[in-house]
Amino acid sequence: MKMKLGIISRFLFHKILNEGCWIKLIDFNVKEERERYRHSTSHIMAHAVKELFPEAKLAIGPAIDDGFYYDFDLDRTLAPEDLIVIEKKMSEIIKQNHPFVRRVVPKKEAVDLFRDKGEGYKVELLQDIPDEEVSLYEEGGFIDLCRGPHLDSTGQVSAFKLLSVAGAYWRGNEKNKMLQRIYGTSFTKKEDLKQHLDFLEEVKKRDHRKLGKELDLFSTSDEIGAGLIIWHPNGALIRRTIEDFWLHEHYKADYKILCTPHIAKLNLWQKSGHLDFYRENMYSPMEIEGIDYELKPMNCPFHIHVYKTSLRSYKDLPVRYAELGTVYRYERSGVLHGLLRVRGFTQDDAHIFCREDQIENEILKVLDFTLFILKTFGFSHYDIYLSTQPEKFVGTPGNWERATNALKQALEAKGLAYAIDPGEGVFYGPKIDIKVKDSLNRPWQCSTIQVDFNNPERFDMSYRGSDGKEHRPIMIHRALMGSLERFFGILIEHYAGAFPVWLAPVQVEVLTIAERHAEFAKAFSDRLKSEGIKTELNSENEKIGYKIRNSTMRKVPYLIVIGDKEITENAIMVRKRSGENIGPYTAEEFIGILKEKITSKSQEF
Ligand SMILES: [Zn+2]
Ligand SMILES: [Zn+2]
């Protein structure tokens, strides 16, 4: 055997000599290798499905974050039991260790091949490929149209699991046929697969749609319209707590609060450039007295209007306007997802208008403010991205460079690590995006800080400089939580519905053991309420064990059970959500502890 080590690149498998044979190690930390491994598993799955259900038509089967999927057109609805059968067949194909063989053929030959096989989706895909030649991959008699790359053979897949079946429109378009998508994942090591499955179990437990229902926080309704969130009393109370905190902190940081309409004339969006650059996210206009109006996708033009209602001098700047502004953006029904992807949402929006010499300082302040707000919600790990000039842009390259440098300098001054996201800026300027890491270490896009050299130009904004001449202010758009809906969804999953005391919609629940304790319990609960503590009283004639279980399911932070002992000793024991008991406390002591937790917005309880 010739032993020649080729170029070992991070895109290739590393080869090592082991007991006289070449075996291939896949570096799972490298995205391309992970994807090659998982995409190869998706071929094996498609192969298994075709063997079991020859009438199934193949669509596409890419690798995705943490796994892969394959879409099939199959009349029979796949059930969880089917996945077990498919897994078994996959194991056989893996055991047979078929090599993946690549073949390059003229496109016409491939079209004929898939047409003969009745694979209409593949034919459609081929028709969109401009190349003269295409590549096919074959293993064990199963042929698929594919660019590759793949593993060398099916036997290299060692640990895999099929996870679920879901409906998916062909090409993601709801006008097309709904196909069946099988999701799965694969790993090089059994332990890694197990760890991942445990993680998925935890993710499922924390799903905000499930917890939203169980804790009665929010809902959506077909009757009202997809992607429109209805906040129930418990959810609305949490939202109000967040809004109060937001308002208070913005006053402290010298922002002025605005409230602006939900619709505006179409011409305004023409002027702002949204019609040219953002049309696909906007709804159709509505006509009022012969003039077209449009639901607002953003708040910016309104804040510009307020700025322009008075003459500004250099001494007036910076001007900071903030608004909890509700906007409406079109999202395809197929991508709507609980609170995370919706059609109407409230941004914690703000616009800062400043002089060029103030831009770095303003961005520094916004960064500080952002990190403070995120920390208050228990987020202290982030991924930060600086997005630069996209293909479609307005303004001059010089403007872009200056703005990008200002953002860079602010990040560096704060000592924050960041990655550059080339070409991902908004059409009007570069931006900083902050993704928070939740308690499962999942990243979520929340905060954004965007410099804008364009809108001040379009709206002819100005201020009188110290030189007596008119100058253009610079505009900074920023949202810290992003949208309240999405942020709430993230919080529910981050806390698994067990909110810290300051956010909890019910902070204390007072329970009675028997009817004779009701009067004392009512007085005690009223006392807490008068101190501003969100308290509920449950003096219903139920077994105490049942009442405790019920409150525990609602994840109420503190339970107080009132019985004979509490009344005679005038002291209470407190049962924490975790089941731990603390006390005894007098009413004053307990109120003191609670108030400290609430005002400090403690993450502990
Ligand atoms: Zn492939
Ligand atoms: Zn804006």
Side-chain angles (χ1 to χ4, degrees), residues 32 35-47 50 58-64 68-71 98-104 110 114 119 122 125-126 129 134-140 142-154 156-157 186 255 258 260 264 268-269 271-274 277-278 281 296-307 319-327 329 345-354 366 425-432 447-456 458-459 461 473-480 482-483:
E32 289 79 0
E35 287 184 347
R36 181 199 319 236
Y37 190 86
R38 286 174 171 158
H39 171 65
S40 299
T41 320
S42 89
H43 272 243
I44 297 169
M45 177 171 79
H47 182 174
K50 283 295 277 189
L58 302 168
I60 53 164
I64 49 172
F68 60 84
Y69 68 76
Y70 211 113
D71 288 348
H98 305 292
F100 278 97
V101 182
R102 181 170 190 265
R103 198 150 57 89
V104 176
F114 287 108
E119 297 288 1
K122 295 289 174 192
L125 289 172
L126 274 162
I129 299 176
V134 295
S135 59
L136 305 177
Y137 278 84
E138 192 255 314
E139 53 80 11
F142 173 77
I143 302 178
D144 205 350
L145 167 71
C146 190
R147 229 178 333 212
H150 293 87
L151 298 174
D152 283 357
S153 66
T154 59
Q156 284 175 315
V157 173
S186 58
Y255 283 80
L258 302 181
T260 66
L268 179 76
W269 307 109
K271 194 170 175 183
S272 66
H274 286 99
F277 291 92
Y278 208 69
N281 293 91
K296 70 169 163 182
M298 294 194 191
N299 306 299
C300 333
F302 301 92
H303 294 198
I304 292 171
H305 168 79
V306 180
Y307 177 95
V319 169
R320 305 184 189 94
Y321 290 140
E323 176 180 13
L324 291 168
T326 304
V327 297
R329 297 182 188 173
F345 57 92
T346 302
Q347 288 182 303
D348 67 317
D349 206 0
H351 296 95
I352 298 164
F353 303 99
C354 67
V366 172
V426 203
F427 71 85
Y428 50 71
K431 60 172 181 168
I432 293 173
S447 322
T448 183
I449 305 167
Q450 309 177 351
V451 181
D452 184 350
F453 283 111
N454 173 54
N455 266 305
R458 282 180 173 258
F459 285 91
M461 301 176 76
I474 284 160
M475 185 172 181
I476 300 168
H477 311 248
R478 46 114 284 199
L480 310 184
S483 96

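Counting convention: from 1, in listed order, for ligands and their atoms alike. Just so it is clear, the structure is predicted and the values come from calculations on it, not from any experiment.
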Enquirer: As a quick check of understanding, evaluate side chain to side chain contact (heavy atoms under 4.5 Å, CB included) for D452 and I476, giving each step before the final call.
Expert: CA-CA 6 Å; D452 184 350; I476 300 168; over 6 Å; no

Enquirer: How open is the angle at the Zn ion (ligand 1) from atom NE2 of H43 over to atom NE2 of H39, rounded to 10 degrees?
Expert: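 Roughly 110°, rounded to 10°.
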
Enquirer: Is the NZ or CZ atom of K50 both under 6.0 Å from the centre of the six-membered ring of F142 and within 45° of that ring's axis?
Expert: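 No, K50 does not lie over the aromatic ring of F142.
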
Enquirer: Between the side chain of R329 and the main-chain N/O of P297, is any donor-acceptor distance below 3.5 Å?
Expert: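 Yes: the side chain of R329 pairs with the backbone of P297.
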
Enquirer: Of all the N, O or S atoms in H150, which has the shortest distance to the Zn ion (ligand 1)?
Expert: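 The nearest such atom is NE2.
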
Enquirer: Taking the side chain as every heavy atom from C-beta outward, state whether H477 and Y428 have any pair of such atoms under 4.5 Å apart.
Expert: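 Side chain of H477 against side chain of Y428, heavy atoms only: contact under 4.5 Å found.
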
Enquirer: Backbone or side chain, does H303 get an N/O/S atom under 2.8 Å to the Zn ion (ligand 2)?
Expert: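 Under 2.8 Å: H303 has no N, O or S contact with the Zn ion (ligand 2).
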
Enquirer: Can you name the N, O or S atom of H477 that is closest to the Zn ion (ligand 2)?
Expert: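 Atom name of the closest N, O or S in H477: ND1.
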
Enquirer: What angle, in degrees and rounded to 10°, do you get at the Zn ion (ligand 2) when you join it to NE2 of H351 and to SG of C300?
Expert: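 With the Zn ion (ligand 2) as the vertex, the angle is close to 110°.
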
Enquirer: Please identify which of these residues, H43, H47, H150, meets the side-chain hydrogen bond (donor to acceptor under 3.5 Å, both in side chains) condition with E139.
Expert: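 Result: among H43, H47, H150, H47 is the only option passing the side-chain hydrogen bond (donor to acceptor under 3.5 Å, both in side chains) with E139.
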
